[in-house]
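Down below is the structure, laid out as structure tokens.
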Amino acid sequence: MRTSIHVLEWSSIYMTGIQSIDKDHQYLFELVSKVLMQLTAGREVELLPLQKRLNTYAAEHFMREEQLMQRYLPDWEQRAGHVREHRNYWGWIADLESTEAPEELAESLKSWWSGHVLGWDKAMGLALQRALHS
Ligand SMILES: [Fe+2]
Ligand SMILES: [Fe+2]
């Protein structure tokens, strides 16, 4: 069994430059970290309500990003791909929950959020800043 500490720690490398998004991400990282801790501790009773909170907040957050893109970046070439990433998350996470062991699920969850923010969300942040300041 691996002994790595499963926390998705917030740091400035994740900043998109859009305050409302960064605030959302900090809260999402806290929720993901709580889910990771319960997953790896095998505490299913506490896990389910946390997963629900994460799913609800993630859905709201995805919508907020998509509304920002729709409003300020309607013709941006990455918009459709970004929205697709958000949509695919739900099928992907449901698959993982039904097939993977808790440790693997924790690793996958952590790397999705880290990767999505560092890739898609930071690119969106830059594009939004350009759009807002032009
Ligand atoms: Fe996103
Ligand atoms: Fe995001």
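Whatever order the structure lists ligands and atoms in, that order sets their numbers, starting from 1. Sequential numbering from 1 along the given sequence is applied to the chain's residues. All figures in this text were calculated on a predicted structure; none of them were measured in a lab.
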Inter-residue atom distance Leu109.CG - Leu96.CG, 0.5 Å rounding: 8.0 Å

From Leu8 atom CG to Trp113 atom CH2, the distance as rounded to the nearest 0.5 Å: 9.5 Å

Sub-2.8 Å protein N, O or S atoms surrounding the Fe ion (ligand 1): Glu65 OE1, His82 NE2, His86 NE2, His116 NE2, Asp121 OD1

Pairwise distance CZ(Arg79) to OH(Tyr72) - rounded to 0.5 angstrom: 14.0 Å

Trace of the side chain to side chain contact (heavy atoms under 4.5 Å, CB included) decision for Met124 with Gln78: CA-CA 8 Å; Met124 177 190 60; Gln78 285 192 30; over 6 Å; no

Aromatic contact, His116 with His25 (centres under 6.0 Å): no

Euclidean distance, Ile18 CD1 relative to Arg64 CZ, rounded to 0.5 Å: 14.0 Å

